[in-house]
Asker: 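Structure in structure tokens, see below.
Remember, predicted model here, so these are calculated numbers, not experimental data. Indexing begins at 1, ligand by ligand and atom by atom, following the structure's order.
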Amino acid sequence: MSRPVIIAIDGTFASGKGTLAGKLADHYGFDHLDTGRLYRAVAQTVLTRGGDPDDAATATGAARTLDIALLDDPVLKSGPVGAAASRVAMHIPVRQALRDFQRDFATDTARKGAVLDGRDIGTVICPDADVKLYIDAKPEQRAQRRYAELTGYGEDITYESVLTQLRERDHRDSTRAVAPLKPAKDAHLIDTTGLSVDGVFGQAVRLVDAIMSGSRARRKPPGTGMRSTPDS
Ligand code: DC
């Protein structure tokens with residue numbers, strides 16, 4: 001049995017990639033995995049135990065024994081857990097411990113399709129994904145979105161501190177030695193600056209439809225009505 005269709009979405013913090021991933025999954029009837037939640041769950045486990053996210057052994061221990069039920073805990077969305085997630089994500093054994101879970105999710109033949117969003121999906125986790133998207137937006141706009149989200153959860157923060165933390169996070173995620181945040185060579189870039197959620201979704205659906213109909217056409221056997229060679 002062939003593996004499901006895989007849509008890999010990478011991008012910067014608060015670029016809108018998670019919202020887009022959820023909407024695409026709903027639209028196509030695919031399953032969605034927000035891989036940032038895995039790193040956040042590891043971070044939360046370390047913090048709950050009073051550990052240091054920069055300590056590789058502690059973070060690795062938490063990743064290897066991760067309780068998947070934690071993935072639904074609303075505390076994972078908080079600012080401090082996100083910052084700690086970016087730190088535990090720097091340790092190679094932590095990434096290795098989470099890799100198989102992500103790949104198994106993407107290739108589970110019981111699914112019609114899988115949408116995974118994160119930082120290294122198109123480059124490391126699913127390098128042969130059918131569609132790769134890379135989502136970004138200007139830091140000021142991402143900080144504005146994140147500020148609105150965090151104050152909505154009741155966090156007491158300023159826009160300036162969100163912007164500073166966002167720049168630190170971008171720097172850490174994109175300069176780390178292992179699986180740094182970067183677009184895959186064959187990723188399609190979408191800049192969400194100034195775009196509404198529906199505007200981004202519409203752009204992504206047009207891209208995904210075009211790519212999927214192209215790959216279906218390539219897979220169709222000869223004699224089924226598709227020309228296999230162009231008119232000469
Ligand atoms: O997408 P997010 O903000 O929930 O991710 C939290 C942190 O987890 C992010 O700063 C870096 C790390 N992460 C990662 O290294 N690789 C992924 N595929 C997803 C997240």
Asker: Sub-3.5 Å donor-acceptor pair from the side chain of Asp10 to the main-chain atoms of Gly122, do we have one?
Answerer: yes
Asker: Output yes when a side-chain donor or acceptor of Thr58 lies under 3.5 Å from a complementary backbone atom of Asp52, and no otherwise.
Answerer: no
Asker: Please list, chain by chain and in numerical order, all residues satisfying salt bridge (Lys or Arg N to Asp or Glu O under 4.0 Å) with Arg146, sequence neighbours excluded.
Answerer: Glu149
Asker: Test: ring pair (Phe, Tyr, Trp, His ring centres under 6.0 Å). Region: residues 50-108. Which pairs qualify, not counting sequence neighbours?
Answerer: none
Asker: What residue pairs, at least two apart or across chains, pass ring pair (Phe, Tyr, Trp, His ring centres under 6.0 Å) with a residue in residues 14-50?
Answerer: His27-Phe201, Tyr28-Phe30
Asker: Checking side-chain polar atoms at under 3.5 Å, does Thr192 have a donor or acceptor matched by the opposite partner on Arg145?
Answerer: yes
Asker: Anything with a heavy atom under 4.0 Å from ligand 1 counts, so go ahead and list those protein residues by chain and number.
Answerer: Phe13, Lys17, Thr35, Gly36, Tyr39, Arg40, Ala85, Ser86, Ala89, Arg95, Gly118, Arg119, Asp120, Arg169, Asp173, Arg176
